[in-house]
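One structure is given below, encoded as structure tokens.
Chain identifiers are assigned alphabetically (A, B, ...) following the order of the sequence lines, protein sequences preceding nucleic acid strands; residue numbering begins at 1 within each chain.
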There are 2 protein chains.
Amino acid sequence: MSLPHAILIALLEKSSSGLELTRRFDKSIGYFWSATHQQIYRELGRLEREGQIRAIPAPQPARGKRKEYEVLPAGRAELIRWKAVQDEPKRPRDPLLLRLRASGVVGTEGLEPELRRHLDLHRAQLAAYQEMEKRDFAPPEDTERGRVHHLVLRGGIMMESFWVEWLGEVLAGLPGQPPAGDEAAPGVDYADYADYADEAAPGEGEADRTDTG
Amino acid sequence: MSLPHAILIALLEKSSSGLELTRRFDKSIGYFWSATHQQIYRELGRLEREGQIRAIPAPQPARGKRKEYEVLPAGRAELIRWKAVQDEPKRPRDPLLLRLRASGVVGTEGLEPELRRHLDLHRAQLAAYQEMEKRDFAPPEDTERGRVHHLVLRGGIMMESFWVEWLGEVLAGLPGQPPAGDEAAPGVDYADYADYADEAAPGEGEADRTDTG
DNA sequence: CGATGCATGTAATTCGTTACATGATTCG
DNA sequence: CGAATCATGTAACGAATTACATGCATCG
């Protein structure tokens, strides 16, 4: 539940209207926390009701009219509180990895173009980040915020590098049919293999479970 | 919307009961697609109603009794269809990155222990994956499924390596206060800076878009 | 004054999370 | 028998996604 905090951060960096926030969530902030305008308006309403932000009074407020929000002391306090909260790293949930794994049971047909497409997208995003780094972050960082933003951008760069590298490895390793043999290699049973990989638990080597063996 | 497909994959690899699936989703499959038993039971019900899977007939079915599911032809067909579907890479949504960015506006106090904790967790996960790789995947891969599982595991390894590397960089760069100066460096305005970083859009510099990739 | 784009919202649905409920099995 | 454990579920809620609705501003 971090969307309200993402909004507080964005507003502390610069007071904005709902649509401006939406635009900013398509750029820098959105590079690691995305949100649609519907989510944003809903949260803005909630945060205002709770007294964490307020709409800067306008001369003639009206429905379809621009409304700029700023963070109130309660909002800043909430963000400081939340900043130090502990929370477990979430397991990734990536459909592409799932599609790859599906290839293990129903074949790889049709997957390769999608892998290539993603590789291109990640390459482009990586190039964009590197361009930003070159342009916006010169070596001697002189503000706390500058250092932090640079570290976050480094995260984006390294994350995209990971994708580019891994997708390259997959594309190199996937279409390579077995050098001379067939699909079903001798002596290996599919179901057993699945069992094997599933049961190979990482740190549980000491406990010897007698029931399943 | 990939949970049903994750379940189809798991069941094709090995027919299982709901609880067995839950356990398997804590291991290999869960390393890139997590699910709780409540989600799993709900989906199993839905998939069965839709004729994609069936419960293997038991001698005496009863409520609290083990029920094993297997995939029906319709389910396999659906998985084959879904496997080739195009879909955009999702933007990451990571609270830790958000907390780091929050440090840019409300200070870094209290964040460092959390960063260290995550670093340790990712180091442990990386070690576990590397152990699995060493144990389960010898160089000459002889089945399609073996190759695929290995590539997926490589993804896990490289992803965890990314975290370890990046968190190391953050911990090295974060607490380093400005060598001799103060928080607010001369000549830099916070609001302008935020604006600057936000407006630095990636793909819009058509003028001199030097091809870096 | 009507069309277009900008800006702010509502509604419906689906997916994920948390808490709880109940039946079966095993073991002392 | 009763407690602990395994196994299968229900219910309620919150967050995210998708589709739709409405009001203002400008320009011809």
Side-chain angles (χ1 to χ4, degrees), chain A residues 1-7 11 15-26 29-30 32-50 53-56 58-69 82 87-95 98 209-212, chain B residues 1-7 11 15-26 29-30 32-50 53-56 58-69 82 87-95 98:
Chain A
M1 223 267 308
S2 313
L3 175 59
H5 304 99
I7 290 178
L11 287 180
S15 295
S16 302
S17 70
L19 198 65
E20 279 166 5
L21 278 178
T22 303
R23 299 253 156 84
R24 294 173 63 198
F25 270 82
D26 286 336
I29 300 210
F32 56 92
W33 199 278
S34 60
T36 63
H37 81 271
Q38 292 90 336
Q39 281 178 284
I40 287 169
Y41 283 116
R42 196 201 297 153
E43 277 311 317
L44 284 174
R46 222 171 53 83
L47 287 168
E48 188 176 25
R49 254 179 279 120
E50 290 178 1
I53 64 174
R54 68 158 193 168
I56 297 173
Q60 283 187 337
R63 184 179 148 111
K65 207 106 160 273
R66 192 189 121 94
K67 224 170 25 168
E68 183 167 331
Y69 291 92
W82 174 84
D87 128 64
E88 301 318 304
K90 263 189 324 124
R91 286 264 165 80
R93 242 179 218 160
D94 194 296
L98 217 49
R209 278 153 311 181
T210 52
D211 48 334
T212 39
Chain B
M1 223 268 307
S2 312
L3 176 58
H5 304 99
I7 290 177
L11 287 180
S15 295
S16 301
S17 69
L19 197 65
E20 279 165 5
L21 279 176
T22 303
R23 300 252 156 83
R24 292 172 65 197
F25 270 80
D26 286 337
I29 302 210
F32 55 95
W33 200 278
S34 61
T36 62
H37 81 271
Q38 292 90 336
Q39 282 179 283
I40 288 170
Y41 283 116
R42 198 203 286 160
E43 276 312 317
L44 284 174
R46 221 173 53 85
L47 288 168
E48 188 175 26
R49 254 180 277 120
E50 289 177 4
I53 63 174
R54 67 158 192 166
I56 297 173
Q60 284 188 338
R63 184 179 148 110
K65 208 108 159 267
R66 193 189 120 93
K67 223 170 23 169
E68 184 166 331
Y69 290 92
W82 174 84
D87 135 63
E88 302 317 304
K90 264 189 324 125
R91 288 266 164 80
R93 242 177 219 163
D94 193 296
L98 216 51

**OP:** Check for a donor-acceptor pair, side chain of B:Arg93 on one end and backbone N or O of A:Phe32 on the other, with a separation under 3.5 Å.
**Re:** no
**OP:** Answer whether the closest heavy-atom distance between the side chains of A:Lys90 and B:Asp94 falls below 4.5 Å.
**Re:** no
**OP:** State whether the distance check finds a donor on one side and an acceptor on the other, under 3.5 Å, for side chain B:Arg91 versus base D:dT17.
**Re:** no
Original post:
So do the side chains of B:Leu19 and B:Tyr41 get within less than 4.5 Å of each other, counting heavy atoms only?
Top reply: yes
Original post:
If you measure from the Lys or Arg side-chain nitrogens to the Asp or Glu carboxylate oxygens, is any gap between A:Glu20 and A:Arg24 under 4.0 Å?
Top reply: no
Subject >> Start and end of chain A contact along DNA chain C [non-hydrogen atoms, under 4.0 Å] >> reply: C:dA7 to C:dT17
Subject >> Atom-pair distance (CZ on B:Arg66; C1' on D:dA7), nearest Å >> reply: 10 Å
Original post:
Counting only side-chain N and O atoms of A:Gln39, is one of them less than 4.0 Å from OP1 or OP2 of D:dA15?
Top reply: no
**OP:** Please work out if B:Arg46 contacts a base, only the sugar-phosphate, or nothing of the nucleic acid, heavy-atom cut-off 4.0 Å.
**Re:** nothing
Original post:
Of all the choices, D:dA11, D:dA19, D:dT17, which nucleotide is nearest to the side chain of B:Gln38 once you look at every atom?
Top reply: D:dA11
**OP:** Rounded to the nearest angstrom, tell me the gap between atom OH in B:Tyr41 and atom P in D:dT10.
**Re:** 11 Å
Original post:
For the atom pair OH (B:Tyr69) and CG (B:Leu11), what is the distance rounded to the nearest 0.5 Å?
Top reply: 9.5 Å
**OP:** Quick one: label A:Ser17 by what it contacts on the DNA or RNA (base, sugar-phosphate, nothing), any heavy atom closer than 4.0 Å.
**Re:** sugar-phosphate
Original post:
Is a side-chain donor or acceptor of B:Ser34 paired with a backbone partner of B:Gly30 at a separation under 3.5 angstrom?
Top reply: no
Subject >> Lys/Arg-Asp/Glu bridge criterion (N-O < 4.0 Å) met for A:Glu68, A:Arg66 >> reply: yes
Original post:
For the pair made of CD1 in A:Ile40 and C1' in D:dT17, what is the distance, rounded to whole Å?
Top reply: 14 Å
Original post:
Is a side-chain N or O of B:Gln39 found less than 3.5 angstrom from the main chain of B:Thr36, in a donor-acceptor match?
Top reply: yes
**OP:** Return yes if some donor-acceptor pair links the side-chain N/O of B:Glu50 with the main-chain N/O of B:Leu47 below 3.5 Å, else return no.
**Re:** no
Subject >> Distance in angstrom units between B:Arg23 CZ and D:dC6 P, rounded >> reply: 7 Å
**OP:** Assign each of B:Arg93 and B:Glu20 to its nearest nucleotide of DNA chain D by heavy atoms, then name whichever residue's nucleotide is nearer the 5' end.
**Re:** B:Glu20
**OP:** Using atom CG of B:Leu44 as one end and atom P of D:dA7 as the other, report the distance to the nearest whole Å.
**Re:** 15 Å
**OP:** Find the distance B:Arg42:CZ to D:dT10:C1' and express it as a whole number of Å.
**Re:** 10 Å
Please tabulate, one pair per line, each protein N/O and nucleotide N/O from nucleotides 21-25 of chain D that are separated by under 3.5 Å, including the distance.
none

